[in-house]
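First the structure, in the form of structure tokens, and then the observations on it.
Small disclaimer: the values here were computed from a predicted structure and weren't measured. Chain naming here is simple, since letters A, B, ... match the order of the sequence lines and numbering starts at 1 in each.
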Amino acid sequence: MLLIECPWCGERDESEFSYAGEAHIARPLETEKLSDEEWANYLFLRKNIKGLHREQWNHAAGCRRYFNVERNTVSYKISGSYKIGEQGPVGDDT
Amino acid sequence: MSDLFHQQSPIVQIKLTEPKANQPLIREIPFQGFLNLRGRPNNPDFMTAVKKVLGCSLPIEANTVVVSGDYKIYWLGPDEWLVITPTEQQRKVQSELISALGVIFSSVVDNSSGVTIINITGDNAANLIARDCPLDLHSTVFKAGQCAQTRLAKSGAMIAPLLDGSGFELIIRRSFADYLLLWMQDALIEFEA
């Protein structure tokens with residue numbers, strides 16, 4: 001089990017959270033000008049990073065807020081969490 | 001809120017026995033008024049309007065409780081609070097809040113029939129909850145004046161230490177109350193001897 005730090009509630013058990021996918025995916029501004037390929041890329045394609053990964057979590061059983069977490073997908077070590085809209089910490093890549 | 005005449009406790013069919021040996025005491029505090037209040041804490045108009053009605057400032061610090069006279073205000077999120085009032089004052093507080101807030105970006109929702117309060121007091125109160133709750137309930141880290149929304153036996157619950165230090169207050173959904181009380185009665189067996 002992971003111990004995840006909610007930016008508001010502090011460290012809580014993983015079972016209180018739900019995963020919400022890759023973070024920092026900006027919706028394209030002029031969607032009508034996108035090709036099908038670009039639109040599909042925005043909708044469906046996600047990175048599959050080995051190493052530091054920025055992802056969204058929702059504190060579902062707690063304050064019910066979304067936030068971002070930077071986690072190493074190899075070691076599962078969480079280097080930090082930060083609110084939506086903020087620039088996150090860059091942890092070491094080990 | 002429905003009329004008191006028609007109201008029935010969500011755990012009416014469960015017989016709560018007197019605690020034996022080291023068992024904690026489980027009691028329901030039924031029919032309180034619950035208001036879900038939302039608004040922007042960085043809007044001074046919102047904060048002053050609420051303060052005028054409730055008599056105290058909303059708790060801004062995460063997971064804290066503020067008591068003001070008959071009212072208790074729990075932090076639910078950075079822009080969300082739970083106001084608990086005595087049964088007969090819920091309608092008055094709700095309409096006062098709505099008229100005080102006026103056009104300010106906010107919402108006041110009556111949730112009185114949706115949740116109920118269970119108090120667990122005495123020896124092993126923390127141990128009973130800890131049977132299936134990931135929260136650290138030790139009195140050195142979870143003190144009176146704090147509250148936490150968490151998971152209790154696979155259902156959601158708001159847990160707060162009672163102000164007199166005698167145990168914990170659980171605020172649970174009434175639709176889960178029956179299940180949770182049955183779960184508690186099962187968990188109580190451990191403390192029977």
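No chain of hydrophobic side-chain contacts below 4.5 Å, direct or via other Ile, Leu, Val, Met, Phe, Trp or Tyr residues, connects B/Tyr71 to B/Val66. Hydrophobic clustering (ILVMFWY, side-chain heavy atoms < 4.5 Å, transitive): B/Val65 and B/Val50 are in distinct clusters. When hydrophobic clusters are built by joining Ile, Leu, Val, Met, Phe, Trp and Tyr residues whose side-chain heavy atoms come closer than 4.5 Å, directly or via intermediates, B/Leu137 is grouped together with B/Leu128. Hydrophobic clustering of Ile, Leu, Val, Met, Phe, Trp and Tyr side chains at less than 4.5 Å, counting indirect connections, keeps B/Val12 apart from B/Val115. Connection of B/Leu135 to B/Met158 is not established within any shared hydrophobic cluster, with ILVMFWY side chains joined at heavy-atom distances below 4.5 Å, either directly or through further cluster members.
Nearest heavy-atom pair across A/Trp8 and B/Ala62 is O-CB, 3.1 Å.
By the 6.0 Å contact criterion, CZ on B/Arg38 is enclosed, its count of non-hydrogen atoms from other residues, nucleotides or ligands being greater than 12. The 12-atom threshold is exceeded at OH of A/Tyr42, counting heavy atoms of other residues, nucleotides or ligands nearer than 6.0 Å.
With rounding to the nearest 0.5 Å, the separation of OG1 in B/Thr150 from NE2 in A/His59 is 6.5 Å.
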- request: Run the numbers on A/Arg64 and B/Gln149 for side chain to side chain contact (heavy atoms under 4.5 Å, CB included), then give the verdict.
  value: CA-CA 9 Å; A/Arg64 299 181 301 288; B/Gln149 296 162 93; 2.9 Å; yes
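For residues 11-20 of chain A, the interface with chain B (any heavy-atom pair closer than 4.5 Å) comprises A/Arg12, A/Asp13, A/Ser15, A/Glu16, sorted by residue number.
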